[in-house]
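Here is the naming used below: chain letters follow the sequence lines, and residue numbers restart at 1 for every chain. It should be emphasised that the depicted structure is a prediction, and the values quoted were computed from it without experimental measurement.
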Number of protein chains: 4
Amino acid sequence: MTRGRLDVGVLGATGLVGQTLVARLADHPWFRPVWLAASERSAGRRYGDTSWRLPHALPPSVADLVVDEAVPARAPRLVFSALDAGVAGPVEAAFAASGRAVVSNARNHRMDPLVPLVVPEINAGHLSLLASQRRARGWTGAIVTNPNCSTVFLALVLAALDRFRPRRVLVTTLQAVSGAGHPGVASIDLMGNVIPAIAGEEEKIESETRKILGVAREDGVEWRDVTISATTTRVPVLHGHTESISIAFDAPPATADELAEALSAFTGPVPLPSAPARPILCLAEVDRPQPRLDVDRDGGMTVSVGRIRRCGVLDYKLVALGHNLIRGAAGAAILNAELMMAQGYLD
Amino acid sequence: MTRGRLDVGVLGATGLVGQTLVARLADHPWFRPVWLAASERSAGRRYGDTSWRLPHALPPSVADLVVDEAVPARAPRLVFSALDAGVAGPVEAAFAASGRAVVSNARNHRMDPLVPLVVPEINAGHLSLLASQRRARGWTGAIVTNPNCSTVFLALVLAALDRFRPRRVLVTTLQAVSGAGHPGVASIDLMGNVIPAIAGEEEKIESETRKILGVAREDGVEWRDVTISATTTRVPVLHGHTESISIAFDAPPATADELAEALSAFTGPVPLPSAPARPILCLAEVDRPQPRLDVDRDGGMTVSVGRIRRCGVLDYKLVALGHNLIRGAAGAAILNAELMMAQGYLD
Amino acid sequence: MTRGRLDVGVLGATGLVGQTLVARLADHPWFRPVWLAASERSAGRRYGDTSWRLPHALPPSVADLVVDEAVPARAPRLVFSALDAGVAGPVEAAFAASGRAVVSNARNHRMDPLVPLVVPEINAGHLSLLASQRRARGWTGAIVTNPNCSTVFLALVLAALDRFRPRRVLVTTLQAVSGAGHPGVASIDLMGNVIPAIAGEEEKIESETRKILGVAREDGVEWRDVTISATTTRVPVLHGHTESISIAFDAPPATADELAEALSAFTGPVPLPSAPARPILCLAEVDRPQPRLDVDRDGGMTVSVGRIRRCGVLDYKLVALGHNLIRGAAGAAILNAELMMAQGYLD
Amino acid sequence: MTRGRLDVGVLGATGLVGQTLVARLADHPWFRPVWLAASERSAGRRYGDTSWRLPHALPPSVADLVVDEAVPARAPRLVFSALDAGVAGPVEAAFAASGRAVVSNARNHRMDPLVPLVVPEINAGHLSLLASQRRARGWTGAIVTNPNCSTVFLALVLAALDRFRPRRVLVTTLQAVSGAGHPGVASIDLMGNVIPAIAGEEEKIESETRKILGVAREDGVEWRDVTISATTTRVPVLHGHTESISIAFDAPPATADELAEALSAFTGPVPLPSAPARPILCLAEVDRPQPRLDVDRDGGMTVSVGRIRRCGVLDYKLVALGHNLIRGAAGAAILNAELMMAQGYLD
């Protein structure tokens, strides 16, 4: 049923996240991509003639769209943003000012107190900030953001364990190259190598997680009182961020099984087209999750968790894996738009 | 000066660690490899005709040695063991019983209370256990072991920070394939992938480190009271284990600089041919250490440390890197033999 | 419609090709896997409890099958064989003798004059050999084989160019690790490396191609008079063999475009469920085909070709790419079974 | 002996080839790097403070040099050029005009009839072109070039087989990422992948080889009458270009052994510090040469050859491997400078 699909646009449609957005939107039951914008270099070209870097073919339904510049007046009501952080700030604000609902993957507005930073299974209620956002900024549109990729996976795990009251979290990430976009990291720098730092990534994990797990008030979010310490590394993996996580709880579960059950039982507040029934899958095999074998589960929207066991220093430790381009970026943004649609924010 | 070189043998000379031992011993100022043993499959073949897997050429001085079986009576007084854990236990004991000093990289005897588990810069004094060992076992020879590869790097870091009294340690490792020997991990399992578990490795790190940092008594080692929690992973790197380490201290240093100074100033009790003047090198660049760029420093005997900074959950965190085949295996064993020589245990 | 599906079995169901066969058969419109056999080590275990190495989940419909031993009397009428060459010869013959139609990926019977070596788009008529095969061997069943993976892609290219009469062919392959099965090549041997030889592979390409392109007579195949010289290498790629091919023709096309048109226009004699409408896809981009971007086209059943241009030494050169596990193995066998079904050989 | 070392400069000293030049010159018996130039972005910075990308440490003797701009008047008499092709043309000409001997790795002047394109073991006599070059251009200095990396290895092989009169050559290369400089190819484009095209590379191999093997006349080089057809690919290898080569000869050797003997016996006209006694090493093992195991032989200056055998289409085929950054770039340039020194061109 194509009739009911909402026309949507994509800002930054020629980057890696942008292409992933377009590929997923082309088949989406609720949305239909009709407007694609990118930098001046690509503007004016047929989308099917730009450089497509995904293994599945460019969707025929968008091939003939002509890439536009980022002009708000020409955009549909709902716009996904995969813009680079270097330009996303003012451009997204301009679209919101002109009445567009901007669902953004960029980091620029994430920590703005009046901008919801949303993972639908965790904090759907944060969309209530939009009323204050519009009032304070004088926007007729809105900006809603999703977290940094490595943050999403950790936040889902912590949210699922909420009743045990996580208090201190140590995480070391092993992140894939597609998280750095294109061209991202040079082959000669990463081949057979580990780069033990990713600029800005640790701060994002440590702060965004607390906002997501916090409580929305009228003038912003009261952050969750949890301390996170992150070390982020880049490894020679194409897709999929692996996270080694140790957690101390205020009310720790009695056993690792109890913790696993909480992860497996976790679910969102409302079914959405892109949301798996259970966003977290616990794997019992001793050597899982693995990017090559597990990253594409449920089309990349499921976080896989394994190696759940006691930690001698904190309480429990585990390994989590998520698809950085899907659950951590393009899929996360689409899920947020689905939530807005389901809750009447796009009426 | 070849005259003074002590004749030595190598058990397991055709494996990856065995070849690395032979390559390093061929040029050694104190030792001269004259006897090489391996499994029945290789026994009787010219060493130069076995399958050599190192990038540098097989040393001409050993090419004509005929590979022997592991018969103690045919071995010289000092024997290095790179045997597989599946066979090392009784074989090494037989060599010790027959008067050979066995310097072993195998895990089998490491946790025996009367077997020194030595990193010369840390616990040279543990060699004093050898008197009890000989007495208790009735051996005329001896067994001395070096730790598991990923343990060496962590133990050196903790020893260098001894005066701050490390108490709780969380470590996540990113380990290279050469640590698994040959054939080790299948290409199809590791290419572009992370395997988030290495059998037995976490237990080794958690227990061996405590023994190394402990105090030698007459009947064994009083383990150090430090709690270690490890998560070990395999990544697509050829050589070099990277470790993300967080530490809580009883007497934490005031600043990260103070911690770095302690690492850089750390040194062993006595100069040895294979020991770098400073076993730990602190790198100031934000994205170091990296296996490709740093693993071969000082011929692979230096542990590189970077990203020293405060940890919000414990006190400080850092990233360490060491060469698993050199400082973590073949070089570690040779260093132990040098220590034994220097302290008169081989007279 | 499950009713019409033919019960089939898989020999060697726990290997990499075997698992790929099972995964593809589970959804097949004509076949239904009901019997899975493997080595004694796996026999007696639930298939869902064996080690599954594919990224997509093990099909629920086969999870509860109990792995059987390779006993002909317990097998259904049609059996796919993904057996190792070490055992395939007599086992497949025994199944054929007992009335089973064996569609094999193993190399053992490929060059037998009375065994069809089939790529449906090229030489469907070779199935006519089955009459002589049954008579000569006294079998009530049959053996049909598909070529070695790197042979399929080259043979399809040459068949599509048949009217230009290819006469001499030079090919250098860059082959993926999944072509070596599991465990196959050790990580330490292939990481960041090229291994410039694959045992037996060059001979297979040079001889199998000539048989496939030949003419079936009553007592065997008259090989095509074409000379092929192959160099085969292994590269650090997961799936997808790339082939650099140069061809001299007796009646060369006038232009590279004419050659490309012949490739694109090539099609099989009869539509089959697994057969793409056009088995060869020509890519115009200067840097294609690439394994990561092109190997999965049409579910892995299409051969991608690019860089078609004149060759200064022979007449034309090009680069071809195919999925070794799909079009080169599991998919090839299934396609052969579909052809047999369509032509009444399984009635 | 430092006294006799000639002061030299390096243009483009901060790139990958530039750093390799500096590293090798720092220890050179004849040359001493005293002047380093790079783009405006680096100019004015201490060389030890620029980004060093090699695994061995930056040589202390050059760490305190301040990076200069490319101003001829400030350069010493002999200057190595590792400039990008985008700027090398006029800059190198300006240095030659101002009296500097420019030994260049850039492609810009290679095919100029009056510029020697030299591999000392092959065509040392081409330096005689310098007289005409100076006269025609009015330069007081000179430009001498070395070939493109993949060309060097092929040219050495063909030169060693000169007496068999090679006439037609088909080559497919598998080239390492370091050949593309830094940043070069993006990780996401090459990880687990093959890129079957390298811009401009095939033309260089096909034409440069013919000039190198040609005869120097007063006004240029009479190219060798040999036809070469090349296909070049990029593979996930750090250093080392592998080449699959087939050759038709006018006077083919009777056996592969005879061909191997000619390769092994090949040697240059005069000993030079960087030249191995035998520039080509034939390996008998069936699966060699391999980049990981063979690329560093003789410090990277030796070309390894294996798999010498008959070719059904041309006469013989083999696999060659060379270090693209050393024998194919920095080492090649230094070798040319050594030749110039030895033959009095720098007096």
- Is any residue of residues 197-213 of chain D within less than 4.5 Å of chain C by heavy atoms, and which ones?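 When heavy atoms of chain C are the reference, residues 197-213 of chain D contributes D/Ala197, D/Glu202, D/Glu206 within the under-4.5 Å range.
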Distance from [X] atom [atom1] to [Y] atom [atom2], nearest 0.5 Å?
{"X": "D/Leu190", "Y": "C/Arg292", "atom1": "CG", "atom2": "CZ", "answer": "10.0 Å"}
{"X": "C/Ile245", "Y": "D/Thr231", "atom1": "CD1", "atom2": "OG1", "answer": "10.0 Å"}
{"X": "C/Leu170", "Y": "D/Leu314", "atom1": "CG", "atom2": "CG", "answer": "5.0 Å"}
{"X": "D/Asp294", "Y": "C/Asn193", "atom1": "CG", "atom2": "CG", "answer": "8.5 Å"}
{"X": "C/Cys311", "Y": "D/Ile228", "atom1": "SG", "atom2": "CD1", "answer": "12.0 Å"}

[X] versus chain D, the contacting section by heavy-atom distance below 4.5 Å:
{"X": "C/Val313", "answer": "both"}
{"X": "C/Val235", "answer": "side chain"}
{"X": "C/Arg307", "answer": "side chain"}
{"X": "C/Arg309", "answer": "side chain"}
{"X": "C/Val169", "answer": "backbone"}
{"X": "C/Ser246", "answer": "side chain"}
{"X": "C/Ile188", "answer": "both"}

Shortest non-hydrogen separation from [X] to [Y] and the atoms involved:
{"X": "C/Ile195", "Y": "D/Gln290", "answer": "CG2-NE2, 4.0 Å"}
{"X": "D/Lys317", "Y": "C/Ala230", "answer": "NZ-O, 2.8 Å"}
{"X": "C/Pro196", "Y": "D/Pro289", "answer": "CG-O, 3.1 Å"}
{"X": "C/Pro291", "Y": "D/Val194", "answer": "CD-O, 3.5 Å"}

- For each of C/Leu293, C/Thr242, C/Asp287, tally heavy-atom pairs with chain D at distances under 4.5 Å, and name the one with the top tally.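 Top option by heavy-atom pairs under 4.5 Å: C/Asp287.
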- Task: Heavy atoms only, distances under 4.5 angstrom: which of D/Asp189, D/Leu174, D/Thr233, D/Val319 has the most pairs with chain C? Name it, please.
- Result: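 Max contact count across the listed options: D/Leu174.
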- Query: D/His323: what forms a ring pair (Phe, Tyr, Trp, His ring centres under 6.0 Å) with it, not counting sequence neighbours?
  - Reply: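 Listed in chain order: D/His239.
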